[in-house]
Each structure stands twice: as structure tokens, then as C-alpha cells.
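Heads up, the thing below is written out as C-alpha cells.
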Amino acid sequence: MADSRRVDRIRDEAGRILPAGPTLVALSGGADSAVAAWVVIELGHPLRAIHVHHGLPDSSAMELAAKAVAAELGIDLEVVNVEVPDGPSPEAQARAVRRAAIEASAAESEWLVTGHQLDDVAETVADRLARGSGSTGLAAIRPIDGRWVRPLLAISRADVRGVADELGLPFADDPSNEDLRHRRNRIRNVVSPVLTEALGADAIEGLARSARLLAADDAALEMEAGRIEARRSGDEWYLAASELTVAHQSIASRALRRVLRSVHGGLPGNEREVAAAMSVAAGSVERADLSGAWSVVRDGAWVVITATPILGVPEPIELPVPGEVAFGPYRVAARVGGPRPIGRPAVALIAALWDGEVEIRPASPGERIDIRSTSGPGSKKVSDALAECGIPPRRRAGWPVLSARGNIAWIAGCRPAPWATPGGDGEEEPVVVTFRRPSWSR
């Protein structure tokens with residue numbers, strides 16, 4: 001077994017980072033992942049390997065190399081075949097399907113190890129600098145990110161490759177890494193050599209060191225952003241408007257980006273979207289459109305990021321018995337008799353209501369519904385009743401009520417008027433009215 005200072009350093013660095021427990025290494029067939037697999041074994045952790053075959057021209061050669069490395073190290077290897085979908089960035093598409101395949105194969109208790117090293121960190125920093133990233137992006141690749149572990153991040157690509165040679169690992173170089181059509185390859189093969197020649201051999205390590213420093217700052221800022229309350233309800237996210245407006249802009253932006261990252265499938269949103277959400281929080285505008293059919297609206301004390309439509313007010317519609325009608329996105333159905341309903345989504349009403357016209361309509365501004373309280377009969381504003389039932393302000397104008405002879409007999413899914421509900425036994429069978437709403441309507 002090789003015993004150079006490079007080998008000792010890799011062993012020491014990996015021992016500092018790698019958590020104990022079963023491990024699944026992503027074995028590409030290249031030098032980096034081969035050394036990552038070797039050091040996991042050196043540290044005595046249970047290990048198996050997975051190779052993702054992308055179906056590209058050089059994929060079969062890399063599969064053979066991965067099998068050779070696994071055989072040399074005496075570990076089990078699983079080969080998973082994937083198809084890389086078309087997209088604006090083939091690199092990003094391949095990375096996404098590779099990551100998904102590895103996570104799908106992993107047992108719940110396994111750590112997921114990759115062979116990323118220091119040069120990968122520096123190249124990521126250079127890439128994201130050119131894209132205009134903030135500290136989260138410039139923190140680049142982290143040693144531990146959830147279940148993912150990168151034990152070689154402090155080791156240069158040259159040193160990792162040197163150790164792979166010393167150990168006699170049968171790795172192979174992926175020919176696709178020389179294809180300059182890919183952005184990352186241009187950074188690796190063109191930008192990094194120019195930086196090294198112009199700024200010295202420490203330039204690459206300096207970029208990686210910047211990433212480590214920014215990661216520490218980023219973690220502190222993220223902790224502060226996490227103090228801004230964000231709630232999820234169905235397909236909607238709620239953030240406290242007052243907390244966004246009093247926080248420092250950098251903290252508020254982070255809180256918004258955390259939500260945007262969830263709704264945009266991992267992408268943190270752009271500057272325009274953050275600015276639009278902050279305008280809504282400040283009350284400068286009532287709503288703004290985001291990408292991907294998402295919107296941001298003000299809802300009382302909350303800023304709501306939602307994929308649901310901003311509803312208009314539907315026209316009134318007559319409700320027959322039996323029958324079902326659509327009122328905007330809501331559905332109201334009526335039937336005679338049957339089991340008495342339990343809960344707010346349905347109500348039993350006296351059949352005599354249908355001696356006249358019964359319709360589903362919106363409540364008028366300031367309109368009231370009769371109630372019965374401990375102090376006797378009274379009335380309540382429909383808007384107040386809807387607030388008590390948890391209906392968001394932006395939904396209230398178009399919320400359905402059941403009206404008989406012009407008076408509100410039932411606020412759908414909320415409460416009936418006492419005069420509209422059956423009394424004691426012996427009366428004719430009631431009409432059971434049910435209310436269905438989409439999950440996003442709350």
C-alpha cells in the first residue's frame with residue numbers, strides 16, 4: 001500500500017469529514033471517484049458503489065473502468081442506466097438525472113459520497129462569478145450537504161490523480177471532459193490554465209479558499225433568514241410581510257429565495273422576482289407575476305407565493321334539487337334526504353327554501369348572515385364569518401353563499417343561518433347541500 005504524504009493527507013482530510021456509517025460511492029470510473037472509494041475503505045466504513053450509465057458515446061468505456069476499480073477494491077458495484085433528457089444545459093440535465101438515480105438507489109441509512117476535489121470547487125466559483133451569483137452560489141460545493149459527502153474537497157486534482165497512480169487504481173479519463181462545447185470543460189481546460197499562468201499556482205487554491213470563507217458567512221446569513229416565518233399550505237407559501245419589510249434587504253431576500261427555491265424546483269429565483277415580492281410586502285403593489293405561472297400577492301399580514309389563479313367574482317347561478325352547479329372553481333351539490341352531514345363542507349337545510357328561488361352567489365359588500373349566540377339572535381358580517389373560518393381575504397369576494405329569497409341561508413363550508421336549518425323530528429326530509437373546493441383555495 002502506498003504511504004506518501006499525499007496519501008496520508010487524503011486519509012486525514014477524509015477522516016475529518018466522512019461521517020461513520022454505511023456509504024454509497026458514486027463511481028464514475030475516473031481517478032477522483034476511485035480515490036474517494038479507496039479512502040472510505042481505508043477508514044473502515046461499509047461501502048458499496050454505484051455507476052450511472054448516461055447512454056452517451058463514452059459511457060460504456062467509463063462503465064468498464066468503474067467495474068475495474070470496483071473489482072480492484074473488492075466492492076459491489078451497481079450499474080444504473082439513465083436517459084439524459086434534452087434541455088438548455090446538457091451538463092445540468094445529466095447531473096440532475098445522475099443525482100436522482102443515486103438517491104433512488106441509496107438505502108435510507110447510507111451516506112452518498114462523490115469524488116469532487118479542490119479544482120472542482122474553484123471551477124464552480126469561477127463559473128458562478130461569471131453568472132453573477134451571491135454568497136450562496138459562490139460558497140460552491142460543500143463538504144457535507146444533507147446526505148451528500150465530498151471527502152476530497154481540500155485536495156487538488158493533481159494530488160488526487162497522483163494518489164490514484166500510486167495506488168495502482170485502474171481508472172480511466174472520460175473523453176467527454178475535453179469537449180469544449182460544455183461550459184464547465186471550457187473553464188477547466190481554458191480558464192483555469194490562464195488563471196494559473198497569469199496569477200500563479202495558488203490561484204486555484206485561492207478560489208477554493210474564498211468558497212470556504214463565503215460558506216461560513218452564508219451559513220450565518222441563512223440562520224438569520226430562517227427566523228423570518230414561512231408557512232406552507234397546499235400549493236401556497238405564506239411569509240410575514242412585517243418581518244420581510246423590517247429585515248435587512250439581504251436577509252429578506254434570502255428568506256424569499258428559500259421559498260422560491262422550493263416552488264421553482266431548486267432554482268432560487270432571480271433578482272426581478274425577489275424585488276417584485278418585496279414590493280408586494282411593502283404594499284407598493286397588490287400582486288406580481290413570477291416565472292412558472294406563480295404569483296405573489298398580499299393577503300392581510302401575509303405575502304403569499306401561489307400557483308393558483310387570482311379569482312374574479314362569478315355570476316349567481318340557481319341551485320336545483322337534486323343537482324350540482326359550478327361557481328368559479330367551487331362545486332355545490334344538493335340532494336333530498338340521506339344521512340345528516342357532519343362538518344362544515346356540507347349542511348342540512350329545510351326543503352321549504354326551494355319553494356322559491358335558491359341560488360349560489362357572492363355576498364354583497366357589508367352583507368350579513370343571521371346567527372344565534374348565547375345572547376340571543378343576531379347577525380354577523382359575511383366577511384367576518386369567513387375570516388373566522390380561515391378563508392383568506394383575497395378569496396372572500398368570490399366565496400359562494402347560498403341565498404333563498406334574497407337572504408343568506410348558508411356560507412359555503414362555513415356556517416348556516418339558524419332559520420334555514422331543520423328543527424325537531426317529524427319535519428319533511430331536509431335538503432343536504434355539499435361544497436367542494438380545490439385544495440389550494442384553503
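Quantities reported herein were computed from a predicted structural model and do not represent experimental measurements.
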Open item on the list: Quick check: do D119 and S156 have side-chain heavy atoms less than 4.5 Å from each other?
Closed with: yes
Open item on the list: Donor-acceptor pair, distance only, cut-off 3.5 Å: does the side chain of E243 make one with the backbone of A240?
Closed with: no
Open item on the list: Around atom CD of E229, are there more than 12 heavy atoms from other residues, nucleotides or ligands closer than 6.0 Å?
Closed with: yes
- [ ] Output the distance between atom CZ (R368) and atom NZ (K381), rounded to the nearest 0.5 Å.
- [x] 6.5 Å
Open item on the list: Check E166 with R6, please: is the shortest side-chain N to carboxylate O separation under 4.0 Å?
Closed with: yes
Task: Side-chain (S4) to main-chain (V7) donor-acceptor, under 3.5 angstrom - done: yes
Open item on the list: Check R186 with E123, please: is the shortest side-chain N to carboxylate O separation under 4.0 Å?
Closed with: no
Task: Side chains of E324 and R436 in contact at under 4.5 Å (non-hydrogen atoms) - done: yes
Open item on the list: For residues 125-137, which residue pairs pass the side-chain hydrogen bond (donor to acceptor under 3.5 Å, both in side chains) check, not counting sequence neighbours?
Closed with: D127-R131, D127-R183, S135-D218, S135-R254, T136-D218, T136-R254
- [ ] Please tell me if the side chains of V433 and V332 come closer than 4.5 Å, counting only heavy atoms from C-beta onward.
- [x] yes
- [ ] Working to the nearest 0.5 Å, report the span between CD1 of I411 and CZ of R396.
- [x] 11.0 Å
Open item on the list: In the structure I gave you, are the side-chain heavy atoms of L221 and I251 within less than 4.5 Å of one another anywhere?
Closed with: yes
Open item on the list: Could you go through R157 and Q117, starting from their C-alpha distance and side-chain angles, then the distance that decides it, and tell me whether this counts as side-chain contact (heavy atoms from CB on, under 4.5 Å)?
Closed with: CA-CA 6 Å; R157 179 177 289 127; Q117 27 68 17; 3.2 Å; yes
- [ ] Enter the distance from R257:CZ to N270:CG here, rounded to the nearest 0.5 Å.
- [x] 7.5 Å
Task: Test item: side-chain donor near acceptor, S295 and T306, under 3.5 Å - done: no
- [ ] Return yes if some donor-acceptor pair links the side-chain N/O of W237 with the main-chain N/O of R231 below 3.5 Å, else return no.
- [x] no
Open item on the list: Please give me the minimum heavy-atom distance between D32 and D120, naming the atom from each residue.
Closed with: OD2-OD2, 4.3 Å
TODO: For the pair S59 (side chain) and L56 (backbone), establish whether a donor and an acceptor sit closer than 3.5 Å, ignoring hydrogens and angles.
DONE: yes
Open item on the list: Tell me the closest heavy-atom pair linking A255 and L239, and the distance in Å.
Closed with: O-CD2, 3.9 Å
Task: Heavy-atom side-chain proximity of W399 to R437 below 4.5 angstrom - done: yes
Task: For the student: nearest non-hydrogen atoms of V52 and H54, plus distance - done: O-ND1, 3.3 Å
Task: Heavy-atom closest pair, residues R331 and G328 - done: NH1-O, 3.4 Å
Open item on the list: I want to check something: taking the side chain as every heavy atom from C-beta on, are E236 and I305 in contact at a cut-off of under 4.5 Å?
Closed with: no
Open item on the list: Can a donor-acceptor pair be found, under 3.5 Å and without considering hydrogens, that links the side chain of R298 to the backbone of A281?
Closed with: yes
Task: Taking every non-hydrogen atom, the tightest pair across R188 and P193 - done: O-CD, 3.4 Å
- [ ] List the steps and the verdict of side-chain contact (heavy atoms from CB on, under 4.5 Å) for R48 and L77.
- [x] CA-CA 6 Å; R48 67 186 186 93; L77 175 68; over 6 Å; no
- [ ] Answer yes if the side chains of T124 and R184 hold a donor-acceptor pair under 3.5 Å, and no otherwise.
- [x] yes
Task: Nearest non-hydrogen partners of M62 and G29, listed with the distance - done: CE-C, 3.7 Å
- [ ] Keeping the roles fixed (side chain from S279, backbone from S284), state whether a donor-acceptor pair exists under 3.5 Å.
- [x] no
Open item on the list: Any salt bridge linking R5 with D159? Criterion: basic side-chain nitrogen under 4.0 Å from a carboxylate oxygen.
Closed with: no
Task: Test salt bridge (charged side-chain N to carboxylate O under 4.0 Å, His left out) applied to R212 and E205, step by step - done: CA-CA 11 Å; R212 291 196 296 273; E205 187 171 349; 5.3 Å; no
- [ ] Kindly compute the distance separating OG (S105) from CG (L112), expressed to the nearest 0.5 Å.
- [x] 9.0 Å
Open item on the list: If I take atom CG from residue L24 and atom CZ from residue R147, how far apart are they, to the nearest 0.5 angstrom?
Closed with: 8.5 Å
Open item on the list: For the CD atom on E315, are there more than 12 heavy atoms of other groups (residues, nucleotides or ligands in this structure) within a distance under 6.0 Å?
Closed with: no
- [ ] Give the intermediate values and the outcome of side-chain contact (heavy atoms from CB on, under 4.5 Å) for residues H51 and V80.
- [x] CA-CA 6 Å; H51 174 80; V80 177; over 6 Å; no
Open item on the list: What I'd like to find out is whether the side chain of F327 reaches to under 4.5 Å of the side chain of L319, using heavy atoms alone.
Closed with: no
Task: Side chains of S291 and E273, donor plus acceptor under 3.5 Å - done: yes
TODO: Measure the spacing between CG of L167 and CD of E42 and express it to the nearest 0.5 Å.
DONE: 8.0 Å
Open item on the list: Within a 6.0 Å radius of atom CG on D145, are there more than 12 heavy atoms belonging to other residues, nucleotides or ligands?
Closed with: yes
- [ ] Determine whether E178 and N189 make a side-chain contact, defined as any pair of heavy atoms from C-beta on separated by less than 4.5 Å.
- [x] yes
Task: Under 3.5 Å: donor-acceptor pair, side chain of T23, backbone of G21 - done: yes
Open item on the list: Apply side-chain contact (heavy atoms from CB on, under 4.5 Å) to residues E13 and L152 and explain how you reach the verdict.
Closed with: CA-CA 7 Å; E13 286 290 339; L152 306 180; over 6 Å; no
TODO: Look at the aromatic rings of Y330 and F435 and report parallel, tilted or perpendicular, splitting at 30° and 60°.
DONE: tilted
